[in-house]
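Order of the sequence lines fixes the chain letters, A, B, ..., with proteins taken first and strands second; residue numbering starts at 1 for each chain.
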Number of protein chains: 2
Amino acid sequence: MAIRYALLGLLTKGPHSGYDLHSIFKTQHIYFWNSTHSQVYQELNKMRDEELVTYETIVQEGSPNKKLYTITHKGEKRLIEWMMEEAIKPAKIKDEFLLRVSAFQAISVEEAITLLERILAREKAILAGTSQWQLEYYGEHTHPSYLEIGSYLTSEFGKRYAKMYVEWCEWALELLESYRV
Amino acid sequence: MAIRYALLGLLTKGPHSGYDLHSIFKTQHIYFWNSTHSQVYQELNKMRDEELVTYETIVQEGSPNKKLYTITHKGEKRLIEWMMEEAIKPAKIKDEFLLRVSAFQAISVEEAITLLERILAREKAILAGTSQWQLEYYGEHTHPSYLEIGSYLTSEFGKRYAKMYVEWCEWALELLESYRV
DNA sequence: CCGCCCATGTAATAAGTTACATGATTCC
DNA sequence: GGAATCATGTAACTTATTACATGGGCGG
């Protein structure tokens, strides 16, 4: 039920197609939500039925026609109601890698180190990508317009998350080394 | 399909009941997975059918009887196979609060600050809880036995995650203050 | 006496993923 | 010629959540 608020939130910044919206989840400058294209298209159709969004078909040459979705007044009202709700559910995280880490006692130190090194490389790449993206998008601006405040705050969160992950990996590798032989 | 590996991982540290296993998810010294009791009980039954776990009924007085589950050789083999798989899926995070943050442009600065302050308080409490738990559980030990390595590494991750969250909240509040008036 | 902890389960519903389906364009 | 991008959708399936169900013990 919350996927719709993710979509409505993105639509407050302007009209987007389903493809655009899914791309935002996929290309990850979003660290706090994820989805698949099929879910996005289905939710958009439901929201159109409930009049939370409207769309306009854009005829394109060279690429397929697309539907540009716009949030309605009703949709905006619904979003804000949800944002102001008392209860905020705790984050749900499913991190397969940390799940493997939590069972490291079942494998050898050497195997554990190999796994950690793989993830360290991955997280370093993610950190570099996010920092690069933030720089390109906001430049030296450390004070974006209020319209951008949401994505600015969360992109900084993403950067900090990636940095924390890298530092934790390095710390964990050092600790694991001490169990070797 | 991954919930089973979470359970198998926990069972490598010794026998547990379904209730125990769910409590570990619920009382949060786990920052990388979550589940509900109904899913835990159902998955344990499935794994018993596939002979990945066995159980023994413990008759108790004063409290209801319980089933103590133990991982089988087959279960351990299956877990290790999974741990060593090449592909590691990226983490899936669903954080309702960050979702609200990402739509801050739809509400006023004052309302945004109120929301952030609420979360800052919550995250501070979580950080305090985790640090306290880690201290009680591991004491001054910064080098636990290899059997504990999995939960030690991930509890440290949890602490760092909570710390990062608190620091980000404080940074975000400061930035938001500058948009006031 | 009310609510929480212990302890386990099933049924119904919702949410999310993967596979199936199509098709032009562009880059290597 | 093959893969990736743009663009949308449906069908089948798996996973996850919520509600329903039971019941004794214990503390305030």
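Ser63(A) comes within 4.0 angstrom of sugar-phosphate atoms only, judged by non-hydrogen atoms across all strands, and of no base. Residue Ser23(A) is out of contact with every strand shown, counting any heavy-atom pair closer than 4.0 Å. Residue contacts for Gln60(A): at a heavy-atom cut-off of 4.0 Å it reaches the sugar-phosphate backbone alone, with no base atom in range.
Rounded to an integer number of Å, the gap from Arg4(B) CZ to dA16(D) C1' is 15 Å. To the nearest angstrom, C1' of dT10(D) lies 7 Å from CD of Gln42(A). In this structure, CG of Leu99(A) is placed 14 Å from P of dT15(D), rounded to the nearest angstrom. Whole-Å rounding puts the Tyr19(B) OH to dG23(D) P distance at 18 Å. His16(A) places its NE2 atom 13 Å from the P atom of dA7(D), with the value rounded to the nearest Å. Gln39(A) has its CD atom 19 Å from the P atom of dA12(D), to the nearest Å. Atom C1' of nucleotide dT8(D) and atom CG of Asn45(A) are separated by 9 Å, given to the nearest angstrom. Note: CZ (Phe25(B)) to P (dA16(D)) measures 10 Å, nearest angstrom.
Residue whose closest nucleotide on DNA chain C sits further toward the 5' end, between Lys89(B) and Asp20(B): Asp20(B). Position along DNA chain C of the nearest nucleotide to Lys26(B) versus Trp33(A) favours Lys26(B) as the more 5'-ward residue.
Between the Glu111(A) side chain and the Ser108(A) main chain, a donor and an acceptor come within less than 3.5 Å of each other. Of the possible polar contacts, one joining the Arg122(A) side chain to the Ile88(B) backbone as a donor-acceptor pair under 3.5 Å is found. Side chain of Trp33(B) to backbone of Leu98(A): no donor-acceptor contact under 3.5 angstrom is found.
For the pair Arg160(A) and Glu156(A), the salt-bridge criterion is met [side-chain N within less than 4.0 Å of a carboxylate O]. With respect to Lys66(A) and Glu56(A), no salt bridge is recorded, no charged nitrogen being found less than 4.0 Å from a carboxylate O.
Residue Tyr41(A) has a polar side-chain atom (N or O) positioned under 4.0 Å from OP1 or OP2 of dT8(D). For the pair Asn34(B) and dT17(D), the criterion of a side-chain N or O lying under 4.0 Å from OP1 or OP2 is met. Within the structure, every side-chain polar atom (N or O) of Lys94(A) is placed at least 4.0 Å from both OP1 and OP2 of dT15(D).
Chain B approaches DNA chain C within less than 4.0 angstrom (heavy atoms of the protein), and the contacting nucleotides run 5' to 3' from dC5(C) to dT17(C).
Sorted by first and then second residue, the side chain to side chain donor-acceptor pair (under 3.5 Å) pairs involving residues 79-100 of chain A (not counting sequence neighbours) are Asp95(A)-Tyr165(A).
For Glu167(A), the salt bridge (Lys or Arg N to Asp or Glu O under 4.0 Å) test picks out Lys163(A), with sequence neighbours left out.
Side-chain to base pairing of Thr36(B) with dT18(D): no donor and acceptor N or O lie closer than 3.5 Å to each other.
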